[in-house]
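Letters go in sequence order (proteins before strands), and every chain restarts at 1. Only heavy atoms go into these numbers, but all of them, side chains included; no hydrogens, no water, no symmetry mates.
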Amino acid sequence: MITRETVEKIAKLARLQLSESDLEKYTGQLNNILADVEKLKELNTDAIEATTHAVEVANPLREDEVKTNTVIDAVLEISPDHEAHFFRVPKVL
Amino acid sequence: MTTFETVIGLEVHAQLKTKTKIFCSCSTEFGKPPNTNTCEVCLGLPGVLPVLNRKAVEFAIKAGLATHCSIQRKSVFARKNYFYPDLPKGYQISQYELPICLKGYLDIEFDGQKKRVGLTRIHMEEDAGKLNHDFGSSDVSHVDLNRACTPLIEIVSEPDMRGPKEASAYLRRLRDILVYLDICDGNMEEGSFRCDANVSIRPVGQEKFGTRCELKNMNSFRNVERAIEYEVKRQEALILDGGKVVQETRTWNADKGISESMRSKEEANDYRYFPDPDLLPLIVEDAWVEELRKQQPELPVEKSERFAKDYGIPPYDAEVLTADKAVAQHWEEAVKAAQGTEPKKVSNLYMTHLLKLQKDIPETFERITSSIVAEVLKMTEDGQISLGMAKEILDEVAASGKAVKLIVEEKGMVQVSDTGAIEKVVDQVLADNPKNLADFRGGKDKLFGFFVGQTMKALGGKANPKVVNDILMKKLKG
Ligand SMILES: [Zn+2]
């Protein structure tokens, strides 16, 4: 059972600001999702290995070869603040 | 009074020496202008897909094989979620429940004791960017994302170490292995080999672990030892004073010689790991592991044992010579090139002189190639120069890069071994000192040194002492 406090905590960790009505709504929605998962639990999955992805494809790997990329100039341009090719952010320690 | 036992577990982050980043094709080259080694992926732009670097996987497997881990057929990348300006995506891609390597060990030696330290796991992850705080402004930081997405392996040990010396012996061994494997350059000061330590204490005999603190920011082996020593004393004092150790992260302040609490932020450790939907599970087939196993180079312990056995040098020499892969190679090449010179003599020259040179003047040391060492050693062996001269020549090679022959000529360092020339001088010395000669022949053996000194002086100190001794011995007896 997901409580309102849990939703508040998750929202805070995700830096989301939720209104009172959003909090109500998401608490309800998350509980509905969990109820569906509970339903799935009724199936016997003892012989099935836990899956993290729906498709079991061999992992595509990349060769270790350098490619240059200049997207940074455009990214710096649209960033909130930059200086001398650095991103500038409020002081953190 | 209660005696305490220290319990230490170490987490090492090693930067892998791949050309490109772990999930994109940006260069990992150090020292580039800020943010120039970046792309859509490592900047964390929306809609991009990470693609895993094969080399990074190979390096992680190599590290696992060298530390006797079992390589997992299937491992999974997960997102570790937290916000920090050096982490553009708002999560770090790491491995959590299913890492690539599990359960290994490392044999270490310290204070003449041997010990086996267990490894819990090795997992792969991406590094974060770098924050600069010291640009003169007190209210802003500058972010450089060149390092973001650089491949790391995190090597987690069991809490098997019982003191600071053990911890640093473990770290050195681990560093040497990674450098031998050529997968990490092992530089603690520059941060390509970083260590965090989990330290706790418990009364001797107690099985349950005490509350641990995590120490960070120790950028040398010496600082790891100092930080652990300090932390142990701090925890002891706290407990003996009736207090309790609080689980927290502490940062080592090397200037002050103390560790400081990094105020554990609320929910700091709530990372909400979950499998990264952008990356499929990593499947490592046995054939790949076996292929890499065949490519594994000789590691420090094996090399040290081989040197002692094959070349008959003392185990201590062998261990010192093999700690650094480049030194070991240099030495072995010199032994081979200086055929006829006993390996022990070659080892002596390294132990008494060359290792110090390499440490003091690493920039110019490379001028002393192993064939130059062999050349100089052969000259001493042939009696052309003395061992002291050999060292002087090597110093000069490092300083000026001049050829050995030229240095010998310039310094007039030719040792006279020509018996005819020496005999002539000896005859003169005996003729010039009739009284001493009579005294010697009368039984004053001590005067032998006087004659050696006179002869050497007359030859400008360049005579082969052994030849001088032989000739003097013969002539003095009359
Ligand atoms: Zn990139």
Side-chain angles (χ1 to χ4, degrees), chain A residues 2-18 26 30 33-34 37 45 47-93, chain B residues 18-20 23-29 33-41 43 45 51-57 74 76-78 81-86 88 90 97-98 129 131-133 135 137-145 267 270 272 274-277 279-285:
Chain A
I2 297 254
T3 63
R4 197 191 148 95
E5 286 69 42
T6 311
V7 179
E8 274 175 356
K9 188 186 166 201
I10 298 167
K12 193 177 166 204
L13 287 169
R15 306 289 191 276
L16 294 174
Q17 256 180 350
L18 299 183
Y26 295 146
L30 286 167
I33 293 169
L34 284 192
V37 174
T45 55
I48 302 171
E49 198 192 336
T51 19
T52 50
H53 294 74
V55 279
E56 176 85 1
V57 191
N59 38 288
L61 294 171
R62 178 176 56 77
E63 296 309 315
D64 190 25
E65 285 156 13
V66 176
K67 284 187 193 142
T68 48
N69 185 303
T70 54
V71 73
I72 184 63
D73 294 320
V75 173
L76 282 169
E77 220 37 65
I78 57 165
S79 70
D81 196 5
H82 63 99
E83 182 185 19
H85 231 259
F86 285 98
F87 293 98
R88 217 154 74 136
V89 298
K91 184 93 165 180
V92 275
L93 272 179
Chain B
T18 51
K19 289 195 198 74
T20 65
F23 298 120
C24 64
S25 302
C26 291
S27 167
T28 51
E29 199 184 332
N35 293 308
T36 49
N37 288 345
T38 57
C39 70
E40 292 84 347
V41 175
L43 288 169
L45 301 191
V51 186
L52 185 56
N53 183 341
R54 177 191 301 276
K55 203 63 169 204
V57 179
K74 177 177 171 180
V76 170
F77 286 94
N81 299 281
Y82 66 94
F83 288 102
Y84 210 68
D86 62 6
E97 282 172 318
L98 298 169
L131 285 171
N132 296 279
H133 305 295
F135 276 39
S137 170
S138 59
D139 55 350
V140 294
S141 296
H142 290 77
V143 186
D144 175 9
L145 297 174
E267 299 140 354
D270 199 342
R272 296 147 293 140
F274 64 88
D276 191 324
L279 286 153
L280 290 163
L282 169 62
I283 306 295
V284 176
E285 302 292 355

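Residue D276(B) touches chain A through its backbone alone, counting heavy-atom pairs closer than 4.5 Å. Both the backbone and the side chain of L52(B) come within less than 4.5 Å of a heavy atom of chain A. For P275(B), the part sitting under 4.5 Å from any heavy atom of chain A is the side chain, from C-beta outward, and nothing else. Only the side chain of P85(B) comes within less than 4.5 Å of a heavy atom of chain A; its backbone N, CA, C and O stay farther away. Proximity to chain A is absent for every atom of F274(B), based on heavy atoms less than 4.5 angstrom apart. In this structure, the portions of C39(B) lying under 4.5 Å from any heavy atom of chain A include both its backbone and its side chain. Contact of L131(B) with chain A is made through the side chain alone, with heavy-atom distances under 4.5 Å. Using a 4.5 Å cut-off between heavy atoms, D139(B) contacts chain A through its backbone alone, with no side-chain atom that close.
F86(A) contributes atom CZ, which lies 7.5 Å from atom CG of N35(B) (distance to the nearest 0.5 angstrom). To the nearest 0.5 Å, atoms CZ (R272(B)) and CG (L13(A)) are separated by 4.0 Å. For the atom pair CD (E63(A)) and CG (N53(B)), the distance works out to 8.5 Å, reported to the nearest 0.5 Å.
Among residues two or more places apart in sequence or in another chain, the side-chain hydrogen bond (donor to acceptor under 3.5 Å, both in side chains) test is passed with T6(A) by T3(A).
The two residues L145(B) and F87(A) have their closest heavy-atom pair at CD1-CE1, 3.8 Å. Shortest non-hydrogen contact noted between P34(B) and A84(A) is CG-O, 3.7 Å.
Side chain of D64(A) to backbone of T18(B): no donor-acceptor contact under 3.5 angstrom is found. With hydrogens and angles ignored, the 3.5 Å screen pairs a side-chain donor or acceptor of K91(A) with a backbone N or O of H133(B). A side-chain donor-acceptor contact under 3.5 Å links R62(A) to the backbone of V51(B).
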Exercise for the section: Could you walk me through whether V89(A) and H142(B) pass side-chain contact (heavy atoms from CB on, under 4.5 Å), step by step? Expected result: CA-CA 6 Å; V89(A) 298; H142(B) 290 77; over 6 Å; no
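Put simply, of L282(B), N132(B), L45(B), the one with the most heavy-atom pairs under 4.5 Å next to chain A is L282(B). Each of L43(B), T28(B), T20(B) has some count of heavy-atom pairs under 4.5 Å with chain A, and the biggest count is that of T20(B). Counting heavy-atom pairs closer than 4.5 Å to chain A, the top residue among L279(B), V143(B), N37(B) is V143(B).
Residue-environment remark: CD (E97(B)) stays at or below the threshold of 12 foreign heavy atoms within 6.0 Å. Atom CD of E5(A) sits in a crowded spot, with more than 12 heavy atoms from other residues, nucleotides or ligands closer than 6.0 Å.
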Side-chain donor-acceptor distances from residues 65-77 of chain A under 3.5 Å, at least two apart:
{"residue": "N69(A)", "atom": "OD1", "partner": "V71(A)", "partner atom": "N", "Å": "2.8"}
{"residue": "N69(A)", "atom": "ND2", "partner": "E40(B)", "partner atom": "OE1", "Å": "2.8"}
{"residue": "D73(A)", "atom": "OD1", "partner": "H85(A)", "partner atom": "NE2", "Å": "3.1"}

